[in-house]
Undergrad: 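This structure is in structure tokens; I'll ask about it shortly.
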Amino acid sequence: AQSVTQLDSHVSVSEGTPVLLRCNYSSSYSPSLFWYVQHPNKGLQLLLKYTSAATLVKGINGFEAEFKKSETSFHLTKPSAHMSDAAEYFCVVSDLRAAGNKLTFGGGTRVLVKP
Amino acid sequence: KAGVTQTPRYLIKTRGQQVTLSCSPISGHRSVSWYQQTPGQGLQFLFEYFSETQRNKGNFPGRFSGRQFSNSRSEMNVSTLELGDSALYLCASSYSGIGTDTQYFGPGTRLTVL
């Protein structure tokens, strides 16, 4: 079975400082990995995804993530936080063995951005 | 292109009632998945439909069911509602329904069971 662990349930950063959201996954097969963001009372928006091409993945709004197979990690970073980055972030793994789509979500990391 | 739409956006029901939620995928998308989001359990996969067939199912009781129509629109039904069914129900669609596909999420239906 696959699983995703987001190592921090809450992260607080100051505007203009770097953001690091940590994610570890467990999967018997090479996974597809995603980061989604959810703003209050909104649905989920895709930030970026990894599908076995380049290990450094660039996403929207200045976010990027690096896939490290040896560490089973897929950490999300942004060099400079903006107030609009305050939201909840989900690391997600897709089961490629399944016939279709079946996503497993991490517990989420809530990001607070201080002015 | 219009995004994934879900109706209604908010619902209030009482225990024992049943409810039907609707999801219209992005035009051309054939896979529709449903997820439940609660503060305690987080985001959990309910089921996925592709070409009117349920292809994957999560670990939910049989009170949770769904279907997909020929135009790819999907509905999910919850019978005999319990207080614990209060949640945000999210629908997601993707083009081909394979694991590497991006799933696009709707805004959700917030169900409150009293």
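Residue numbers begin at 1 in each chain, while the letters A, B, ... track the order of the sequences. If you're wondering where the values come from, they're calculated on a predicted model, not measured in any experiment. Heavy atoms only: backbone and side chains are in, while hydrogens, waters and symmetry mates are out.
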Undergrad: State, with a plain yes or no, whether a side-chain heavy atom of A/Phe90 is found less than 4.5 Å away from one of B/Leu43.
TA: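 Yes, side chains in contact.
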Undergrad: Heavy-atom distances under 4.5 Å only: say whether B/Gln41 touches chain A with side chain, backbone, both or neither.
TA: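 Contact with chain A is absent: no heavy atom of B/Gln41 under 4.5 Å.
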Undergrad: Taking atom CG of B/Asn59 as the centre, does the number of heavy atoms from other residues, nucleotides or ligands within less than 6.0 Å exceed 12?
TA: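 12 or below, so no.
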Undergrad: Out of curiosity, does B/Leu83 fall in the hydrophobic cluster containing B/Leu21 (side-chain heavy atoms, cut-off under 4.5 Å, transitive links)?
TA: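 Same hydrophobic cluster.
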Undergrad: If I take atom CD from residue B/Gln103 and atom CZ from residue A/Phe34, how far apart are they, to the nearest 0.5 angstrom?
TA: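 Between atom CD of B/Gln103 and atom CZ of A/Phe34 there are 7.5 Å.
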Undergrad: Return the minimal non-hydrogen interatomic distance between B/Leu90 and A/Gln38, and the atom names on each side.
TA: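 Smallest heavy-atom distance, with atoms named: CD1-NE2, 4.4 Å.
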Undergrad: Please determine whether the number of non-hydrogen atoms from other residues, nucleotides or ligands lying under 6.0 Å from atom CZ of B/Arg15 exceeds 12.
TA: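 For B/Arg15, atom CZ is not crowded (no more than 12 foreign heavy atoms under 6.0 Å).
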Undergrad: In terms of hydrophobic clustering (I, L, V, M, F, W, Y; side-chain heavy atoms under 4.5 Å; direct or indirect links), are B/Val32 and B/Val78 co-clustered?
TA: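 Yes; tracing contacts between hydrophobic side chains, which count when under 4.5 Å, links both residues.
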Undergrad: Can you find a heavy atom in the side chain of B/Phe105 that is under 4.5 Å from one in the side chain of A/Tyr36?
TA: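 In contact.
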Undergrad: Around B/Arg9, counting heavy atoms of other residues, nucleotides and ligands shown, do more than 12 lie under 6.0 Å from its CZ?
TA: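 Enclosed: over 12 neighbouring heavy atoms sit under 6.0 Å from CZ of B/Arg9.
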Undergrad: Nearest 0.5 Å, what's the CG-CD distance between A/Leu44 and B/Gln37?
TA: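 So the gap between those two atoms works out to 6.5 Å.
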Undergrad: Is there a path of hydrophobic side-chain contacts, each under 4.5 Å between heavy atoms of I, L, V, M, F, W or Y residues, that connects A/Phe74 with A/Val19?
TA: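 The answer is yes; both residues are in one hydrophobic cluster.
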Undergrad: Do B/Trp34 and B/Phe60 share a hydrophobic cluster (ILVMFWY, side-chain heavy atoms under 4.5 Å, transitive)?
TA: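 Yes, B/Trp34 and B/Phe60 fall within the same hydrophobic cluster.
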Undergrad: Could you go through the ring pair (Phe, Tyr, Trp, His ring centres under 6.0 Å) check for A/Phe105 and B/Tyr35 one step at a time?
TA: CA-CA 10 Å; A/Phe105 286 79; B/Tyr35 297 85; 5.5 Å; yes
Undergrad: Counting heavy-atom pairs under 4.5 Å with chain B, which one of A/Lys42, A/Gln45, A/Lys49 comes out on top?
TA: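 Of the candidates given, the most pairs with chain B belong to A/Lys49.
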Undergrad: Quick one: pull up CG in A/Leu46 and OH in B/Tyr104 and give me the separation to the nearest 0.5 Å.
TA: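 Separation between the atoms: 6.5 Å.
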